[in-house]
K.L.:
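Quick one: this structure, given as structure tokens, is what I'll be asking you about.
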Amino acid sequence: MQQVEVQSLQRFHPDYFLQRFTSESLSFQPGQFVMVKPSGLFDPFLPRAYSILRVRRESNRKGGHMVEIFYKLMGKGSRALSRLKPGDRVDLLGPLGNGYHVPPSLTTALLVAGGIGVPPVVALAEMLARSQFTLRGSQQGKTNRRSSDKGRRKVVAFVGGKTSDDVLCLTDLRKARAKVHVATEDGSVGHRGLVVDLLEAHLKTQTSRQGLIIYACGPHAMLHAVAQIADRFQIPCQVSLEASMACGFGACMGCVIPVKQSVKEQLAARQSTISYKLCCKDGPAFDAREIAW
Amino acid sequence: MGVEIAGIPLKNPVMTASGTFGYGDEFSSFFDLNALGAIIVKTVTMHPRPGNAPPRIAETPGGMLNSIGLQNVGIDLFLKQKLPFLRTLTTPLLVNIAGKSVEEFADLAKRLSDAEGVAGIEVNISCPNVAGGLDFGTDPRLTYEVVRSVRQATPLPVIPKLSPNVTDVTVIARAAADAGADALSLINTIVGMVIDLDSRRPKLPGATGGLSGPAIRPVAVRMVWEVAQVVKTPIIGIGGIMTGNDAVEFLLAGATAVQVGTANFLDPLAPMKVLAGIESYLTLHRFAAVTQLVGAAIPSETRSKSNVHSPRPKAK
């Protein structure tokens with residue numbers, strides 16, 4: 001755990017916040033998270049898990065970095081963070097968990113985000129954009145050569161929310177050269193309806209499913225719907241889940257996710273057919289087929 | 001900083017509480033586990049247990065409720081998969097066990113005595129989150145039976161973990177001591193409940209959970225204090241220890257050692273910070289040994305009845 005300082009806090013109407021912390025150098029996989037809590041306070045008592053939006057090098061400090069999280073005002077934990085001023089201290093542990101897996105075979109990433117589920121998919125879009133930048137700048141390295149053989153990876157993002165206030169980070173996604181499709185439930189911007197409808201419509205127009213992978217984060221019901229669509233179109237799908245947790249690194253065993261059990265496991269368990277995985281340590285990014293929705 | 005508890009020499013009095021430290025491996029990337037006084041691992045049962053349905057955690061003022069439900073891999077896999085790593089440590093390992101019957105407690109103790117690398121057994125007669133989990137720890141007759149049968153089943157030190165969910169903890173403590181307990185761990189979590197105002201239902205699916213964290217510390221300190229005055233058995237104090245000063249409170253109340261629990265969730269380095277905090281207290285107040293603190297808060301006339309013989313700090 002490191003004690004870090006709040007560097008800045010930016011509010012997006014009505015209750016979304018982008019918060020930056022000064023930090024030691026920190027490398028992360030998109031989908032990984034940090035546990036964050038104002039230092040020295042016991043109320044809120046527990047740290048909260050936040051997906052890492054990005055880590056950037058700080059321009060005015062030697063070797064310093066900034067960790068960015070993006071969150072919605074939900075309860076005690078987020079409220080306490082949103083009240084901090086630049087310079088206030090925060091306990092930060094991470095990066096933790098397993099992020100999205102990007103196999104070399106990926107040609108098109110289909111990102112699906114609902115509401116405040118957007119940070120990990122933005123992180124992924126930015127990572128994919130960066131890796132392509134590196135490959136053009138450098139002629140060396142095994143990974144680069146392999147990627148250049150495959151050509152440019154396409155990123156298509158489907159972002160949904162209740163209203164136009166809840167579709168977030170669109171500029172960041174476009175900057176990362178993602179093609180962005182938007183849906184809102186009230187129709188205030190983009191398609192009127194659910195983001196999963198856009199995903200489904202898009203998949204129907206695709207002639208080849210080679211190299212496609214769906215990466216999703218958002219409300220549980222949305223993720224379930226995405227998983228069903230992925231199943232129907234036979235496309236690999238990774239979902240980033242959340243659960244109430246105390247520690248974030250596998251000690252409290254509080255954040256369990258029900259998963260499907262193999263026959264072997266069912267025999268070994270003797271008494272029960274329920275099986276759980278830890279959201280923090282086995283996830284938060286899971287293969288959608290694993291989850292007992 | 002050395003203490004001896006249940007015949008086990010410890011390099012310092014700081015242990016990790018069962019259920020908050022996994023099987024140790026989760027923490028090995030954060031600090032050197034050999035710096036701990038002892039490690040107590042997550043409760044092991046005869047058969048694997050999937051644990052309770054989520055959500056399992058609810059935050060409370062100054063603490064948290066948990067209802068994990070003794071999720072664990074079972075004794076077979078524990079011995080095969082978890083023990084080999086723990087055996088590589090020099091820190092004594094105490095294994096916490098929970099049985100469904102007096103016989104199952106004894107069987108588990110026997111299996112562990114045959115395994116190499118187990119220094120002692122903590123007997124969980126106080127889990128509030130499984131059916132019947134509290135029965136053994138809230139009835140002095142059952143406490144006596146369980147502890148005696150474990151005592152007879154193993155040559156290893158036997159340390160019952162007592163429940164605070166009783167009218168008079170000293171009655172249970174006496175029963176455990178009479179049955180041959182080598183030390184007593186207290187306290188386990190306090191049964192509590194949080195209701196969600198939106199759904200108007202309890203936040204945890206099983207309605208209740210075990211309360212831990214600094215919110216319960218005064219209750220735990222009081223119980224250690226009470227038990228220290230009625231039994232000669234050494235006590236391991238547990239309950240919301242976040243800092244070295246918190247640990248010192250337990251030692252002064254009569255505990256010989258302490259366990260750090262919920263604090264591990266907030267900061268994986270918590271046990272090391274608690275240890276450093278105890279050391280600075282000793283230095284600041286010029287105590288030569290941590291054992292001098294044990295029971296020092298108990299008035300001498302009461303203290304003489306028990307085994308607590310710690311001298312008062314010398315006048316400076």
Side-chain angles (χ1 to χ4, degrees), chain A residues 1-3 35-49 74-78 80 91-94 96-97 220 241-259 261 265-282 292, chain B residues 16-17 19-27 29-31 42-43 45-74 76-77 196 198 203-204 209 212-215 240 242 261-270 273:
Chain A
M1 191 188 73
Q2 46 170 330
Q3 248 192 14
M35 296 299 284
V36 184
K37 161 180 154 35
S39 296
L41 292 183
F42 282 163
D43 189 31
F45 182 66
L46 297 171
R48 300 291 193 270
M74 300 290 286
K76 221 179 217 181
S78 49
D91 295 343
L92 184 140
L93 182 71
L96 299 165
H220 196 80
L241 300 180
E242 67 176 350
S244 59
M245 55 179 73
C247 69
F249 52 91
C252 76
M253 301 183 112
C255 62
V256 285
I257 303 287
V259 294
Q261 217 178 17
E265 281 170 329
Q266 286 184 21
L267 288 172
R270 290 184 215 188
Q271 291 162 307
S272 167
T273 53
I274 312 164
S275 191
Y276 295 118
K277 283 201 169 181
L278 295 178
C279 185
C280 70
K281 217 178 132 187
D282 303 315
Chain B
T16 58
T20 67
F21 207 67
Y23 298 105
D25 43 350
E26 284 83 0
F27 287 80
S29 60
F30 294 110
F31 67 95
K42 173 90 188 149
T43 299
T45 54
M46 195 54 93
H47 301 293
R49 288 183 62 97
N52 293 340
R56 293 175 168 187
I57 304 274
E59 190 177 59
T60 63
M64 58 180 273
L65 287 181
N66 86 77
S67 180
I68 308 300
L70 299 184
Q71 176 177 348
N72 81 101
V73 295
D76 291 341
L77 283 184
D196 183 83
D198 292 323
K203 273 199 179 165
L204 298 175
S212 65
M242 309 297 285
T262 302
N264 297 325
F265 300 153
L266 277 70
D267 180 358
L269 294 176
K273 292 179 180 171

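Here the structure is a predicted model, which is why all the values come from computation and not from measurement. Residue numbers begin at 1 in each chain, while the letters A, B, ... track the order of the sequences.
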K.L.:
Which atoms form the tightest heavy-atom contact between A/Val256 and B/Pro54, and what is the distance?
P.N.:
O-CG, 3.6 Å
K.L.:
To the closest 0.5 Å, what do you measure between CE (B/Met64) and SG (A/Cys252)?
P.N.:
6.0 Å
K.L.:
Could you tell me which portion of B/Ala53 (side chain, backbone, both or neither) has an atom closer than 4.5 angstrom to a non-hydrogen atom of chain A?
P.N.:
both
K.L.:
Kindly give the heavy-atom pair with the smallest separation between A/Met1 and B/Leu266, and that separation in Å.
P.N.:
SD-O, 3.8 Å
K.L.:
If you round to the nearest 0.5 Å, how far is CG of B/Leu70 from CE of A/Met253?
P.N.:
10.5 Å
K.L.:
If we define contacts as heavy-atom pairs under 4.5 Å, which of B/Pro61, B/Pro214, B/Ser29, B/Ala58 has the most with chain A?
P.N.:
B/Pro214
K.L.:
Would a distance-only check, ignoring hydrogens and angles, find a side-chain to backbone donor-acceptor pair under 3.5 Å from B/Glu26 to A/Ala251?
P.N.:
no
K.L.:
What part of A/Leu46 is in contact with chain B, defined as an atom under 4.5 angstrom from a non-hydrogen atom: side chain, backbone, both or neither?
P.N.:
both
K.L.:
Where do A/Tyr276 and B/Gly51 come nearest, in terms of heavy atoms and distance?
P.N.:
CE1-O, 3.7 Å
K.L.:
So which part of B/Asn52 gets closer than 4.5 Å to some heavy atom of chain A, the side chain, the backbone, both or neither?
P.N.:
backbone
K.L.:
Any sub-3.5 Å donor-acceptor pair from B/Glu59's side-chain atoms to A/Pro44's backbone N or O?
P.N.:
no
K.L.:
Do you know which of B/Leu269, B/Leu77, B/Thr60, B/Asp267 has the most heavy-atom pairs with chain A at a distance under 4.5 angstrom?
P.N.:
B/Asp267
K.L.:
Counting the benzene-type ring for Trp, do B/Phe30 and A/Phe249 have ring centres under 6.0 Å apart?
P.N.:
yes
K.L.:
Could you measure the distance from the OG atom of A/Ser244 to the CG atom of B/Asn66? Nearest 0.5 Å is fine.
P.N.:
11.0 Å
K.L.:
Hey, could you give me the SG/CD1 distance between A/Cys247 and B/Ile57, rounded to the nearest 0.5 Å?
P.N.:
8.0 Å
K.L.:
With a 4.5 angstrom heavy-atom cut-off, which part of B/Tyr23 approaches chain A: side chain, backbone, both or neither?
P.N.:
neither
K.L.:
Mind ranking B/Gly213, B/Pro55, B/Gly63 by heavy-atom pairs under 4.5 Å with chain A and telling me who comes out on top?
P.N.:
B/Gly63
K.L.:
Can you check whether B/Phe265 reaches A/Met245 side chain to side chain, under 4.5 Å on heavy atoms?
P.N.:
no
K.L.:
Using non-hydrogen atoms and a 4.5 Å limit, figure out which bit of A/Ala243 sits close to chain B: side chain, backbone, both or neither.
P.N.:
neither
K.L.:
For B/Gln71, look at atom CD and say whether over 12 heavy atoms of other residues, nucleotides or ligands are found less than 6.0 Å away.
P.N.:
yes
